[in-house]
Amino acid sequence: MTQNTLEHEFATLVADTDLLLWKSYHAAIHHVASPCQLLFPLKSDRTVRVSEQEAKQLFIKRLHTSPFCYSVETPTLRKYSPSKKGERSAMTDLTLYSAGERFLNIEFKAGNTSKHRENRKHISKDIEKLVLEHVDGFWFHILERANGNGIETIWQTIRHELKTVTQSGRQFNTKRITFHCCVLQEAYSVETTLVLNDDAYRPDWLTNLMRPNIDVSRGKLNALHKAEGWIVRSYQPSTDQIEGF
């Protein structure tokens with residue numbers, strides 16, 4: 001397959017995963033039958049448990065009808081020292097392959113974060129892997145709901161960690177890193193792809209990239225306005241239609 005065909009197949013795969021997540025989550029909170037076998041489980045207080053595992057499993061389910069092969073918990077080709085006790089291979093959540101070669105590394109995350117260094121550790125090590133491995137990277141983040149500046153905080157954290165790695169003096173090859181955030185309750189997603197090249201060494205890299213304008217209140221998406229360099233999607237559970245912007 002050509003590169004353009006593979007990229008189109010992957011974009012469709014991501015959009016379909018978003019849709020499965022939205023449908024499954026809304027089935028769970030409304031206590032109706034799920035559209036697929038995977039369920040969002042209930043906690044002891046009868047609220048829905050959301051983790052990155054739901055995104056990962058639904059993504060893999062969709063992979064079975066795609067042209068990609070995949071591996072889970074894939075050993076990295078480079079070595080890292082996350083605890084400063086010597087270098088060793090790390091693990092990537094999911095790796096896609098085309099024609100037997102690594103095509104894309106994917107990391108899955110869920111929940112809010114903060115800008116404090118201690119709370120960024122689980123993000124910084126995975127950003128480092130996506131940047132320093134030799135293939136393109138994809139960050140798939142899910143939020144249960146859009147609380148205040150949730151996406152803005154996550155985006156600022158991702159941006160900060162990307163700049164930390166690219167400007168640390170370590171060498172990386174030119175690649176693309178995509179940030180994708182899927183919000184379940186309000187049923188929308190935002191995505192942007194960044195090119196890591198010589199510009200990424202500059203202190204002002206990513207400074208002017210603004211996220212889409214999102215208007216939500218009381219668990220409802222009122223408006224979602226696109227921004228340059230971003231893809232945004234939304235879903236209306238009542239009409240069972242996905243809308244692309």
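Each residue takes its place number in the sequence, starting with 1.
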Pairing donors with acceptors under 3.5 angstrom, does anything connect the side chains of Tyr25 and Glu144?
yes
In Å and rounded to the nearest 0.5 Å, what is the CD1 to SG distance from Ile154 to Cys181?
5.0 Å
Within this structure, what is the CD1-OG distance for the pair Ile158 and Ser124, rounded to the nearest 0.5 Å?
10.0 Å
Is it true that Thr95 and Asn105 share a donor-acceptor pair across their side chains at a distance under 3.5 Å?
yes
Return all side-chain donor-acceptor pairs below 3.5 angstrom for residues 27-34, not counting sequence neighbours, or 'none' if the list is empty.
from	atom 1	to	atom 2	distance (Å)
Ser34	OG	Cys36	N	3.3
Ser34	OG	Cys36	O	3.0
Ser34	OG	Leu38	O	3.4

Heavy-atom donor-acceptor pair, His26 side chain to Ala187 backbone, under 3.5 Å
no
Gln167 side chain vs Arg202 backbone, donor-acceptor pair below 3.5 Å
yes
In the structure I gave you, are the side-chain heavy atoms of Val50 and Val48 within less than 4.5 Å of one another anywhere?
yes
Nearest 0.5 Å please: distance from the OG atom of Ser189 over to the NE2 atom of His180.
4.0 Å
Donor-acceptor pair, side chain of Ser24 and main chain of Leu39, under 3.5 angstrom
no
Any carboxylate oxygen within less than 4.0 angstrom of a Lys/Arg side-chain nitrogen, looking at Glu186 and Arg145?
no
Within this structure, what is the OG-CZ distance for the pair Ser51 and Phe40, rounded to the nearest 0.5 Å?
8.0 Å
Could you walk me through whether Phe103 and Tyr97 pass the ring-ring contact (aromatic ring centres under 6.0 Å, His included) check?
CA-CA 5 Å; Phe103 173 76; Tyr97 298 78; 10.0 Å; no
Atom CD of residue position Gln37 - does it have more than 12 heavy atoms of other residues, nucleotides or ligands inside 6.0 Å?
no
Check for a donor-acceptor pair, side chain of Asp93 on one end and backbone N or O of Phe108 on the other, with a separation under 3.5 Å.
yes
More than 12 heavy atoms of other groups within 6.0 Å of His134 NE2:
yes
Can we say Glu133 and Lys175 salt-bridge, meaning some charged N sits less than 4.0 Å from an Asp/Glu carboxylate O?
no
Hydrophobic cluster membership, with links at side-chain heavy-atom distances under 4.5 Å among I/L/V/M/F/W/Y: are Met91 and Val165 in one?
no
Please report the interatomic distance NZ(Lys129) to CZ(Arg78), rounded to the nearest 0.5 Å.
13.5 Å
Asp18: which of Tyr235, Tyr188, Phe140 passes side chain to side chain contact (heavy atoms under 4.5 Å, CB included)
Phe140
Would you give the length of the straight line joining atom CG of Asn197 to atom CG of Asn173, rounded to the nearest 0.5 angstrom?
11.5 Å
Side-chain ion pair, Glu107 and Lys125, N-O less than 4.0 Å:
no
Tested for side chain to side chain contact (heavy atoms under 4.5 Å, CB included) against Trp139, the lone hit among Ile123, Thr178, Ile177 is Ile123
Do Val135 and Phe179 belong together in a cluster built from hydrophobic side chains that touch within less than 4.5 Å?
no
